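Reading through the C-alpha cells given below for one structure.
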2 protein chains.
Amino acid sequence: MNGKSKTFDMELFFRALADRTRLRLLHLMGSDEVCVCFFVEILKTNQPKISRHLAYLRRADIVGARREGQWIHYRIVEPADPDAQRILKDVISWLANDPEMQRDRQRLVKICCAPQLPVSIQGAPRPSSFNAHVN
Amino acid sequence: MNGKSKTFDMELFFRALADRTRLRLLHLMGSDEVCVCFFVEILKTNQPKISRHLAYLRRADIVGARREGQWIHYRIVEPADPDAQRILKDVISWLANDPEMQRDRQRLVKICCAPQLPVSIQGAPRPSSFNAHVN
DNA sequence: AAAATATATGCGCCTACGCGAATACGTCCC
DNA sequence: GGGACGTATTCGCGTAGGCGCATATATTTT
C-alpha cells in the first residue's frame, strides 16, 4: 500500500504470457537464475529482442533481475497475489510439455554442462544450479 | 488429428485472457450458460463489443455457444489440454476476488432473481441455474 | 413476405506491441 | 580516460486488436 506496489494487474499478467518468446524465456528460467546472454544464445536471436521481452516480464512483475558485474541474471519471482502465483506455477509446468520448450532446455543443459561455454558467451556465469556440476 | 482439432494453442489462449472485458464475460459464465443479451445488460455496453469478445473466446476454444431460437447461450468449455483446463479453472477462481467481477455477478443474480427481467431483455431465457428459482 | 428481435460482421480509427537496426548506458580492464 | 563487452533503449515499420458505428444475418412473429 505504499503507492508503488499496487494490487496485482491481471491484464498485464496475461498479456505478458501471451507471447511465445516470453514463455520460452520463462521456461528456461524455471527455478534458476539465468544470465541474459544464455537466452540470446539458446533462442538464437538478437540481443535487443530478448532484452525487450525480459523488460516486459519485469514490468508485469513476473521476473526480477540481479546484476553481477556486467552480467544480469533474471529469475522468476513469486507474484504477490497467491492466485497469480498458483497460475504461474501451473503455466510453467504446462510449458514443460511443449516440444520446443524441451529442446530449449536440452540446449541449456548441454551448453552449461560442457567444460567450455560457446565462444559467444565465454566468461558468462552459468545458471546457479550448474555451478556444482562443473568445478 | 483430423486437421481441425489441432494441439491447443497456448498463445491464443493467453491472448484471449489478456483483456478485462473477456475476463468479465468468463466470470459471468462461471459454471452457467448465459445468453448474450445478459452480458450486454450487465456490462452496460453495446452489443457488437460483447459479440466480438465472445467470438474471440470462441476462437480460442475457451467458450462454446448454443442456439435457442433467436438467443444464443455461451458457456465455458473444458479445454482439451488438461494443463490449460487447470489453469482456466484457477483463473476463474482468481476472478472471484476482483471487486468489479463481484459486482458483475451480484447484478446478474439480482436481475435473474427478479420476477421481471429488465425491459431491454424481457423475453430472454435466464441462465440455467436460475430456472428453478423463478416458478 | 414484412417487421421485429437477437446476434454477428465489416469498416475506419487508434493504440499496443513485435521486430530489426542503430545507438545509448553501465561495468570491467588496460 | 579509452576500449571492450553485456545489456537496455530508441526509432521506424508493420500487424494485431480494441472501439463505436453501421450493416448484415438469422429467427420468430404477424
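Chain A is the first sequence line, chain B the second, and so forth, proteins listed ahead of strands; every chain is numbered from 1. Just so we're clear, the structure is a prediction, and the values are computed from it rather than from any experiment.
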Under-4.0 Å side-chain N/O to phosphate OP1/OP2 contact, Tyr74(A) with dA8(D): yes
By side chain to side chain donor-acceptor pair (under 3.5 Å) - contacts of Glu68(A) (at least two apart): His73(A)
Nucleotide dA8(C), atom P - distance to CG of Leu57(B) in whole Å: 12 Å
Spacing between His73(A) atom NE2 and dT7(D) atom C1', to the nearest angstrom: 13 Å
DNA chain D-proximal residues of residues 30-40 of chain A, any heavy atom under 4.0 Å: Cys35(A), Val36(A), Cys37(A)
Partner residues of Asp61(B) under the salt bridge (charged side-chain N to carboxylate O under 4.0 Å, His left out) criterion, sequence neighbours left out: none
Sequence-distant partners of Arg58(A), salt bridge (charged side-chain N to carboxylate O under 4.0 Å, His left out), two or more places apart: none
Value in whole Å for how far the P atom of dT7(D) lies from CD1 of Ile50(A): 11 Å
Pairs satisfying side chain to side chain donor-acceptor pair (under 3.5 Å), at least one member in residues 33-42 of chain A, at least two apart: Glu33(A)-Arg66(A), Glu41(A)-Ser120(A)
Set of salt bridge (charged side-chain N to carboxylate O under 4.0 Å, His left out) partners for Arg22(A), sequence neighbours left out: none
Do any N or O atoms of the protein come closer than 3.5 Å to N or O atoms of nucleotides 25-28 of chain C, and which pairs are they?
none

Basic-acidic side-chain contact under 4.0 Å: Arg20(A), Asp9(B): no
Rounded (10°) bend between the five-pair end axes of the helix from dA1(C)-dT30(D) to dC30(C)-dG1(D): 10°
Arg15(A) side chain near Asp19(B) side chain, heavy-atom distance below 4.5 Å: no
pair Leu108(B)-Arg103(B): side-chain heavy atoms closer than 4.5 Å: no
d(CD1, Ile121(A); P, dA4(D)) in whole Å: 21 Å
Gap between atoms NZ and C1', on Lys44(B) and dG20(D) respectively (whole Å): 19 Å
Interatomic distance where CG belongs to Leu54(B) and P belongs to dG17(D) [whole Å]: 16 Å
Heavy-atom neighbours of Gln122(A) CD exceed 12 at 6.0 Å: yes
Nucleic acid footprint by protein, nucleotides 14-24 of chain C - heavy-atom cut-off 4.0 Å, B for base, S for sugar-phosphate alone: ---SSBBBB--
Selection residues 69-89 of chain B - residue pairs positive for salt bridge (Lys or Arg N to Asp or Glu O under 4.0 Å), sequence neighbours left out: Asp90(A)-Arg86(B)
Rounded distance in Å - CG (Leu25(B)) to P (dT7(C)): 13 Å
Listed partners of Tyr56(B) passing ring-ring contact (aromatic ring centres under 6.0 Å, His included), at least two apart: none
Student check: side-chain heavy atoms of Val91(A) and Ile87(B) closer than 4.5 Å: yes
Inter- and intrachain pairs under ring pair (Phe, Tyr, Trp, His ring centres under 6.0 Å), touching residues 11-36 of chain B, at least two apart: Trp94(A)-Phe13(B), Trp94(A)-Phe14(B), Phe8(B)-Phe13(B)
Spacing of Glu11(A) atom CD relative to dG18(D) atom C1', expressed in whole Å: 11 Å
Flag, side chain of Asp32(A) to backbone of Val34(A), donor-acceptor distance under 3.5 Å: no
